[in-house]
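Worksheet for the structure shown next.
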Amino acid sequence: MTVAQRKEAHELRKTLKPLMEKRRRARINESLNHLKTLILPLVGKDASRYSKLEKADILEMTVRFLRDLPSTSVKGQTGSYKEGYKACLQRISAILPQSNLETETRQRVNEFIQHSMVSATSSCQNCCAQNSRMISQMHQRLVSLRNSNSATENHSISTASAPSQPQPVPQAAVDMWRPW
């Protein structure tokens with residue numbers, strides 16, 4: 001690289017650095033504003049009254065909220081799901097009176113929450129048991145597919161002179177449930 005090229009590259013970096021810093025600060029400010037819109041309802045504050053908050057205030061509110069969350073120990077899949085579901089329902093029921101929903105809608109949501117709290121125990125156990133069965137079935141299918149693929153690869157390596165033809169898709173792969 002010549003001296004002129006190095007000087008030109010240095011000037012270019014000198015010009016781009018303030019633009020990169022401006023973009024970085026804009027991303028930080030945008031994320032803090034998004035965090036503010038998320039945290040204010042969770043801590044029970046009215047967003048219209050707290051339109052101008054310092055960045056440090058937003059971060060402190062977030063830290064306080066996260067610190068006050070009940071810590072959960074490692075438990076079984078069913079127990080943690082149930083606890084999370086119930087905690088979510090409790091938060092919604094706490095925020096519901098402060099919402100600007102119509103009275104009828106608020107009552108319907110509240111009835112749903114109460115019904116869900118009562119039936120959460122049995123439905124969560126059923127849901128997690130079904131998921132566990134499905135996961136083990138998917139695991140077994142994947143193992144069998146892996147074994148059949150490795151057998152196919154070994155066969156194709158040993159018969160390298162044979163023309164390659166597309167392999168049929170195993171039926172297990174077609175029937176497999178996918179969440180997407």
Side-chain angles (χ1 to χ4, degrees), residues 1-103 105-106 108-110 112-113 116 120 124 127-128 131-132 134-135 138-139 141-143 145-146 149-150 153 164 166-167 169 173-174 176-180:
M1 192 182 262
T2 66
V3 174
Q5 288 174 332
R6 276 187 265 161
K7 188 174 182 179
E8 187 177 319
H10 177 72
E11 291 295 324
L12 183 62
R13 267 186 263 125
K14 215 168 141 179
T15 306
L16 292 179
K17 187 173 181 181
L19 292 173
M20 289 173 41
E21 180 64 19
K22 186 176 181 180
R23 285 189 202 130
R24 186 185 71 82
R25 284 192 311 265
R27 281 180 38 227
I28 291 171
N29 290 333
E30 183 180 331
S31 294
L32 281 167
N33 284 332
H34 190 225
L35 182 61
K36 180 177 78 170
T37 60
L38 292 173
I39 198 69
L40 284 175
L42 292 174
V43 295
K45 306 281 186 189
D46 184 20
S48 63
R49 296 182 70 203
Y50 292 92
S51 62
K52 289 284 188 177
L53 278 176
E54 291 184 9
K55 297 172 188 176
D57 293 332
I58 296 168
L59 292 173
E60 285 174 354
M61 289 171 74
T62 305
V63 168
R64 251 185 270 121
F65 176 78
L66 292 175
R67 191 181 314 128
D68 293 343
L69 282 177
S71 62
T72 57
S73 60
V74 178
K75 294 184 179 177
Q77 184 180 13
T78 304
S80 63
Y81 179 83
K82 258 192 301 191
E83 287 179 12
Y85 187 75
K86 284 184 178 181
C88 181
L89 290 174
Q90 288 170 347
R91 284 196 192 136
I92 291 171
S93 63
I95 294 172
L96 195 61
Q98 300 161 355
S99 70
N100 55 357
L101 292 173
E102 295 177 6
T103 307
T105 306
R106 205 174 320 156
R108 286 181 28 221
V109 171
N110 199 19
F112 172 78
I113 290 171
S116 296
C124 288
C127 174
C128 289
N131 284 342
S132 297
M134 287 177 61
I135 288 171
M138 286 173 33
H139 177 69
R141 287 179 181 173
L142 287 173
V143 168
L145 284 175
R146 187 183 315 142
N149 282 342
S150 63
E153 287 174 9
S164 63
Q167 298 294 324
V169 177
V174 175
M176 185 181 297
W177 175 84
R178 291 178 179 86
W180 53 88

**Report entry** side chain to side chain donor-acceptor pair (under 3.5 Å) partners for Lys45, two or more places apart
**Finding:** none
Query raised in the report: Who pairs with Leu66 by side chain to side chain contact (heavy atoms under 4.5 Å, CB included), at least two apart in sequence or on another chain?
Result: Thr62, Leu69
**Report entry** Set of residues satisfying side chain to side chain contact (heavy atoms under 4.5 Å, CB included) with respect to Glu30, sequence neighbours excluded
**Finding:** none
Side-chain donor-acceptor contacts of residues 32-40 below 3.5 Å, not counting sequence neighbours, with atom names and distances?
unit_1, atom_1, unit_2, atom_2, d
Asn33, ND2, Asn29, O, 3.4
Lys36, NZ, Ser51, O, 2.8
Thr37, OG1, His34, O, 2.7

Query raised in the report: At what distance, to the nearest 0.5 angstrom, does SG of Cys88 lie from NZ of Lys86?
Result: 13.5 Å
Query - side chain to side chain contact (heavy atoms under 4.5 Å, CB included) partners for Thr15, two or more places apart - result: none
Query raised in the report: Got a sec, which residues hit side chain to side chain contact (heavy atoms under 4.5 Å, CB included) with Ser31, two or more places apart in sequence or on another chain?
Result: none
Requested in this report: Sequence neighbours left out, what pairs pass salt bridge (charged side-chain N to carboxylate O under 4.0 Å, His left out) with at least one residue falling in residues 51-64?
Outcome: none
Query raised in the report: Near Arg27 CZ, under 6.0 Å, is it more than 12 heavy atoms from other residues, nucleotides or ligands?
Result: no
Requested in this report: Taking all non-hydrogen atoms of both residues into account, name the closest pair between Ile113 and Ser93 and its distance.
Outcome: CD1-N, 4.0 Å
Query raised in the report: Which pairs pass salt bridge (charged side-chain N to carboxylate O under 4.0 Å, His left out) with one or both residues in residues 7-22, sequence neighbours excluded?
Result: Glu21-Arg24, Glu21-Arg25
Query - Within 6.0 angstrom of Glu102 CD, more than 12 heavy atoms from elsewhere - result: no
Query raised in the report: Taking the side chain as C-beta and beyond, is there a heavy-atom pair between Leu96 and Ser99 under 4.5 Å?
Result: yes
Query - Residues, nucleotides or ligands: over 12 heavy atoms within 6.0 Å of Phe112 CZ - result: no
